[in-house]
Undergrad: 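The structure that follows is given in the form of C-alpha cells.
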Protein chains: 2
Amino acid sequence: MVVDPLKDFPGYALRRASSAAMAVLARRLSILGLRPTEASVLMVIQANPNITQSEIGRLLDIAGANMAPLVGRLADRELIEREPVDGRSHGLKLSDAGRALTLRVKKAMTAHEDELVSKIPAPHRAAFLAALHALWSAEPP
Amino acid sequence: MVVDPLKDFPGYALRRASSAAMAVLARRLSILGLRPTEASVLMVIQANPNITQSEIGRLLDIAGANMAPLVGRLADRELIEREPVDGRSHGLKLSDAGRALTLRVKKAMTAHEDELVSKIPAPHRAAFLAALHALWSAEPP
DNA sequence: TATTGTTATACTCTATAACTATA
DNA sequence: TATAGTTATAGAGTATAACAATA
C-alpha cells in the first residue's frame, strides 16, 4: 500500500534509530528528574573533577550559551559545586547528592545501553560502534 | 587530559553520529529552501500520490498536530496540491514546481547518503543498516 | 586580542490539549 | 465512537548576537 521511499537511506535509519533510543533514555532519566544532557554533564564531571564548563561544552559539543542555564540548574539543585580556579572560570565537582544521583544515572544508562546492544547480533557489535564513531568524528565543520 | 566517559556508549555514539549527519543534510537542503522534514514529506508524496497527511504522519512518525503547519507551508509555496477524497481528508500530490524541487531533493539526499556510506567499510555496510533498522523498529512504545 | 561566562532571543522539532467536522 | 484535520501552546535542543570580566 504505502511505500516508504526513505527506508533504505542509512541517514534516515540513523535518525530514526537515534530518536527512538533517545526517547527511551529520556523516559528512564525523567524518573531521576534529569534530562539526557544534564545526565551526561553529571557523568563528565564525575569522570573529570574540577573540569570547567567550557571544557564540558567542547567535549559534548554544547555551545557555551547553552551550558550556562544547564549548569545553573544543576547548581541550583545542589548536585554540583563551583569553585573558582581562575578569575573567570570555575572548576565543577559533584556534591554528595550529585554523586549519589550520578550513581543512579550510570545504572540507568548502562541498562539502556545493554538493551540497545542486545538488539544487534553479537558478531556485528564492534563494527557497528566503529561505524558510528567514523560518522561522528569525521563530519566536516 | 579530559576523559570522555560516554565515548564507548553505543547510544551516545548513535546520537552524535545522527546529529552530525543531520547537520550536514540540513545545510545541503537549506540551499533548496527546505528543512529535512519538509524534504522527506515531499519524497513520500512523490512515492505515494494521493496519500493523506495522516498517513504521512504515521509513516514518518510525525504527530498530526505537527503535520498541519508543515503541509500548510508546502501548499503555500505551491509545491503540493490538496484534493478532497473525503469529507475530512485530502489526497496530496506534487505540483509541477514540487516535482522539479523533489528531483533536486533526491539528488541532494543521494549525494548525502553516498558520503555517509563511504565512511563505513564496505563489508560492514549491510550489517550497519540492519542494526539501525533493528534499533529503529523494535523500540517499545 | 582571545577566552570564559552570561543574558537575551529565536528557530526547529516535538508534545499535549482542545476543538470541528466527518465517518 | 473513532478518525482527520486544525489551532494554540509549551517544552527541549540548538543557534546567534552581544556584553562584562579576565587572561
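Just so you know, these numbers use all the heavy atoms, side chains as well, and skip hydrogens, waters and symmetry mates. Below, chains carry the letters A, B, ... as their sequence lines are ordered, and counting in each starts from 1.
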Undergrad: For A/Arg27 and D/dG11, what is the distance between atoms CZ and P respectively, to the nearest whole Å?
TA: 21 Å
Undergrad: Sequence neighbours left out, what passes side chain to side chain contact (heavy atoms under 4.5 Å, CB included) with B/Arg82? Give chain and number order.
TA: B/Gln53, B/Val71, B/Ala75, B/His90, B/Leu92
Undergrad: Want to settle it: does A/Glu55 or A/Ser19 sit nearer the 5' end of DNA chain C, counting the closest nucleotide to each?
TA: A/Glu55
Undergrad: State, to 0.1 Å, how close A/Ala39 and A/Met109 come at their nearest heavy-atom pair, and which atoms those are.
TA: CB-CE, 3.9 Å
Undergrad: Roughly, in whole Å, what's the span from CZ in B/Arg88 to C1' in D/dT3?
TA: 4 Å
Undergrad: Would you kindly give the CZ-to-P distance between B/Arg73 and D/dT7, to the nearest whole Å?
TA: 13 Å
Undergrad: With respect to the side chain of B/Ala65, which nucleotide from C/dA17, C/dT14, D/dG5 is positioned closest?
TA: C/dA17
Undergrad: Is there a path of hydrophobic side-chain contacts, each under 4.5 Å between heavy atoms of I, L, V, M, F, W or Y residues, that connects A/Leu60 with A/Leu25?
TA: yes
Undergrad: Can you say whether a donor on the side chain of A/Asn66 sits under 3.5 Å from an acceptor on the base of D/dA15, or the other way round?
TA: yes
Undergrad: Just call it for A/Ala26: base, sugar-phosphate, or nothing, with non-hydrogen atoms closer than 4.0 Å on any strand.
TA: nothing
Undergrad: Give the rounded distance in Å between these two atoms: CG of A/Leu29 and P of D/dG11.
TA: 20 Å
Undergrad: Take the protein atom CZ of B/Arg35 and the nucleotide atom C1' of C/dT14, then report the distance between them rounded to whole Å.
TA: 13 Å
Undergrad: Is A/Thr37 near enough to D/dG13 that one of its side-chain N or O atoms lies under 4.0 angstrom from OP1 or OP2?
TA: yes
Undergrad: From CD1 of B/Ile62 over to C1' of C/dT12, roughly how many Å is that when rounded to an integer?
TA: 12 Å
Undergrad: What nucleotide, of C/dA23, D/dT16, C/dT6, holds the atom closest to the side chain of B/Asp86?
TA: C/dA23
Undergrad: Between A/Gly64 and B/Pro36, name the one whose nearest nucleotide on DNA chain C is closer to the 5' end.
TA: A/Gly64
Undergrad: Is the phosphate of D/dA4 approached by B/Arg82 (side-chain N or O, under 4.0 Å from OP1 or OP2)?
TA: no
Undergrad: Measure the distance from CD on A/Glu38 to P on D/dG11 and round it to the nearest whole Å.
TA: 14 Å
Undergrad: Quick check: do B/Met67 and B/Ser54 have side-chain heavy atoms less than 4.5 Å from each other?
TA: no
Undergrad: So which nucleotide from D/dT14, C/dT7, D/dG5 ends up closest to the side chain of B/Arg15?
TA: D/dT14
Undergrad: More 5' along DNA chain D: A/Asp61 or B/Arg58, using each one's nearest nucleotide?
TA: B/Arg58
Undergrad: How many Å lie between CG on B/Leu92 and C1' on D/dA4, as a whole number?
TA: 12 Å
Undergrad: Starting the side chain at C-beta, find the nucleotide from D/dA17, D/dT6, D/dA4 nearest to B/Ser89.
TA: D/dA4
Undergrad: Parallel, tilted or perpendicular: which fits the ring planes of B/Tyr12 and A/Trp136, with parallel below 30° and perpendicular above 60°?
TA: perpendicular
